[in-house]
Structures are given as structure tokens and as C-alpha cells.
Amino acid sequence: MTRTDPVSTLSLSLLDAIVARHGLRRVTLALLAAALRGDGTRRTKARLDMLDDHLRRDVGLPPRGASPPMPDWVRHMW
């Protein structure tokens, strides 16, 4: 009995469909560019480090540091 793996069959047929639609050269260049672009997780982490604490809290991340002290004039506005 021979076992066929549906995942590999699906991925190969999907790749064949992409090559048929866009051409072998364009698909190869896109794969090469994606491979040379590097690790995407480092770029994502660097962008998340630039967020201010309010936005970090909105997306569920811990704040980077303590909040700056509130000026006196803001306390009296309420």
C-alpha cells in the first residue's frame, strides 16, 4: 500500500498553479528576493519597540518603562 501525503500534493499543485499564472522567472525572482530580504521577525520586533506605551497597551504588550510624571496644570483641569 502506498501512502500519499495530501499536504505535499496540495502545495505542489498550488505552486504549479502560481507558476502557470505568473511564469517561472517571475516566481523564482520573487522567491529569491524574499529569501535575501532576511528575517521578518527582527523587523517586526524593531517596529514594535518604537511604539509608545499607549499603543503597546492597546495591542497587549507591556509598557517599555514608567510613565512620565503628569504636569501640575493637567491635574487641575479636571
Side-chain angles (χ1 to χ4, degrees):
M1 183 182 285
T2 305
R3 179 176 174 236
T4 56
D5 191 8
V7 175
S8 64
T9 307
L10 177 65
S11 62
L12 287 178
S13 63
L14 181 61
L15 185 60
D16 287 339
I18 291 172
V19 169
R21 181 171 181 173
H22 299 287
L24 181 62
R25 189 182 89 177
R26 187 174 279 181
V27 172
T28 304
L29 290 176
L31 288 173
L32 184 63
L36 293 176
R37 202 172 305 138
D39 187 21
T41 58
R42 270 187 271 150
R43 287 192 313 261
T44 303
K45 187 174 181 179
R47 282 184 278 169
L48 290 176
D49 287 341
M50 293 187 317
L51 291 176
D52 64 343
D53 287 338
H54 181 81
L55 290 175
R56 289 176 62 90
R57 185 179 63 234
D58 285 349
V59 297
L61 294 172
R64 283 184 297 184
S67 298
M70 209 176 202
D72 288 336
W73 60 271
V74 174
R75 290 185 198 153
H76 300 294
M77 289 180 67
W78 299 106

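Heads up: numbering here begins at 1 and tracks the sequence.
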Search all heavy atoms of Ile18 against all heavy atoms of Val27 and return the closest pair with its distance.
CG2-CG2, 3.7 Å

Tell me, please, which residues at least two apart from Leu29 pass side-chain contact (heavy atoms from CB on, under 4.5 Å).
Arg25

Mind checking what makes side-chain hydrogen bond (donor to acceptor under 3.5 Å, both in side chains) contact with Arg57, not counting sequence neighbours?
His54

Going only through I, L, V, M, F, W and Y residues with side-chain contacts under 4.5 Å, is there a path from Met50 to Val59?
no

Verify the neighbour count for atom CZ of Arg64: are there more than 12 heavy atoms of other residues, nucleotides or ligands below 6.0 Å?
yes

Would you give the length of the straight line joining atom CG of Asp58 to atom CG of Leu51, rounded to the nearest 0.5 angstrom?
10.0 Å

Indicate yes or no for a side-chain donor-acceptor contact from Arg56 to the backbone of Pro62 under 3.5 Å, with no hydrogens or angles considered.
yes

